[in-house]
Amino acid sequence: ATAVPIWIAGALERVLTRPVGGWHVVAASAALRRKPLAVRVLGRPLVLWRGAQGVHATDDRCPHLGARWSDGHLADGHLVCPWHGLAFDVAAPCSPLLPTHDDGTLVWVQLPGEAPLPAPVLPLRPASALVSVMTLPARCSPREVLENRLDPWHGAHFHRHSFARLAVLERVDDSITVRVAFRVAGPLAIEVDARFHCPQARCIAMTIVDGEGAGSVVETHGTALGTDRCQITEAVFATSSRPGFAVARRLGALIAPYMRFAARRLWVEDAAYCERRYDLRQEAATGRPSGHTPSCQSQESSDEREPAR
């Protein structure tokens, strides 16, 4: 199968107009435990923590003398400054709190600059699922993350270790449905039908619409960390009608690391795709070659505890 650049470009432009409401994925819900978490969004350093009333976020700078809140600790759910022991009172905050949303799998922060929505726009997720979250930084923008997934044709060529063959079943204005064979072992492959669609301008979802695991969803989110840095966050919601799936769910803590490994293996390759597409856009805009090499190859393996940095 051969990619159709005109369709990819048109679909990308259409989905980039979809409302996001100022919401950015910053971490897996499991990342917020007993310590504050430093993240960065649009070049802005933030700190997140989980208190008695849920997840909170503010700028990672104590207004007293500028210490990083994220270097502090939590005491009875209160964020404590590492330099002088000042506690952040969410009832009377010493610096503005930012809106947050914890959907049970991902944590979001809302920043100004876009027409606000009361909650993030999410694709439909299965009610019962085995869940894993993987993160990976890359030198690109959320645009290239969506573009990569709107080009499913590359899978059978660029990821031959994972995909045996692919055929396009349906292609409409801003979504595409393919029949893809996932490699299991050697020539053995499982064929499923999968639909790629974007519920908003920083997320693309792949939903298995027919075949093994029908109803499973893979959400891929792009979060701009700075001018040319993006965090790719992929949340996998695997489900099955097989009787043994209930057992698999109970073994989720053992299975999730393998799911993250598989997702990261693909995204290390796809991050190079995204970085190349980003470089080409920068070259077209500036008239100068980028001279960059892929940045994701040397990154340590990420897992669901990783925040946006």
Side-chain angles (χ1 to χ4, degrees), residues 1-26 39-46 109 111-115 135-160 166 168 171-176 196-204 206 220-234 264-300 302 306 308-309:
T2 302
V4 184
I6 293 177
W7 180 84
I8 296 171
L12 182 61
E13 292 306 317
R14 280 185 284 272
V15 301
L16 288 175
T17 65
R18 295 198 169 151
V20 182
W23 292 102
H24 304 262
V25 170
V26 289
V39 303
R40 182 180 294 269
V41 182
L42 300 177
R44 184 173 175 177
L46 305 174
V109 170
L111 294 182
E114 297 173 328
T135 64
L136 185 74
R139 183 179 40 75
C140 66
S141 73
R143 178 190 185 104
E144 287 76 37
V145 175
L146 300 189
E147 183 179 39
N148 174 269
R149 286 298 187 254
L150 287 170
D151 172 18
W153 291 276
H154 78 274
H157 304 280
F158 200 40
H159 308 301
R160 292 188 178 185
L166 180 144
V168 174
R171 191 178 45 159
V172 295
D173 284 349
D174 51 15
S175 74
I176 186 168
F196 293 83
H197 65 288
C198 297
Q200 41 107 325
R202 287 192 285 270
C203 170
I204 185 164
M206 182 194 77
T220 307
H221 302 265
T223 301
L225 306 182
T227 303
D228 63 349
R229 297 291 290 176
C230 179
Q231 176 171 282
I232 301 162
T233 302
E234 187 155 280
R264 187 179 188 280
R265 184 185 187 188
L266 291 176
W267 265 112
V268 164
E269 296 173 348
D270 278 337
Y273 174 121
C274 293
E275 291 180 349
R276 174 61 177 163
R277 291 295 300 159
Y278 178 81
D279 285 345
L280 291 172
R281 286 197 172 91
Q282 293 302 106
E283 290 174 7
T286 64
R288 298 190 302 272
S290 68
H292 285 122
T293 55
S295 66
C296 58
Q297 302 299 324
S298 62
Q299 297 292 334
E300 294 297 324
S302 301
E306 286 294 315
R309 291 187 180 275

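Residues Tyr273 and Asp151 approach most closely at OH-OD2, 2.7 Å, considering heavy atoms. What you find for Val39 and Val26 is that their closest heavy atoms are CG1-O, 4.0 Å. Taking both residues in full, the closest heavy atoms of Tyr278 and Thr227 are given as OH-O, 3.5 Å, listed atom of the first, atom of the second, then distance. What you find for Leu111 and Arg44 is that their closest heavy atoms are CD2-NH1, 3.9 Å. Residues Ala271 and Ile232 approach most closely at CB-CD1, 4.4 Å, considering heavy atoms. For the pair Arg202 and Gly22, the tightest heavy-atom approach, listed with the atom from each and the gap, is NH2-C, 4.0 Å.
For the pair His24/Leu42, a side-chain contact is recorded, criterion being any heavy-atom separation below 4.5 Å from C-beta on. Taking 4.5 Å as the limit, some side-chain heavy atom of Trp267 sits within range of a side-chain heavy atom of Val145. Arg40 has its side chain within reach of Pro45: a pair of non-hydrogen atoms, C-beta onward, lies under 4.5 Å apart. Between Arg139 and Arg229, some side-chain heavy-atom pair lies under the 4.5 Å cut-off. Contact check for Leu150 versus Glu147: no side-chain heavy atoms found under the 4.5 Å cut-off.
Between the OG1 atom of Thr223 and the CH2 atom of Trp23 there is a distance of 13.0 Å, given to the nearest 0.5 Å. Of the inter-residue distances, the one linking Gln200 atom CD with Leu146 atom CG reads 8.5 Å to the nearest 0.5 angstrom. One distance of note links CG of Leu12 with CZ of Arg149; it measures 14.0 Å at 0.5 Å rounding. The line from NE2 of His154 to NE2 of His159 is 3.5 Å long, rounded to the nearest 0.5 Å. A distance of 12.5 Å separates CZ in Arg143 from SG in Cys274, rounded to the nearest 0.5 Å. Interatomic distance, Phe196 CZ to Asn148 CG, rounded to the nearest 0.5 Å: 9.0 Å.
Using a distance-only test at 3.5 Å, with no hydrogens or angles considered, a donor-acceptor pair links the side chain of Glu144 to the main chain of Ser141.
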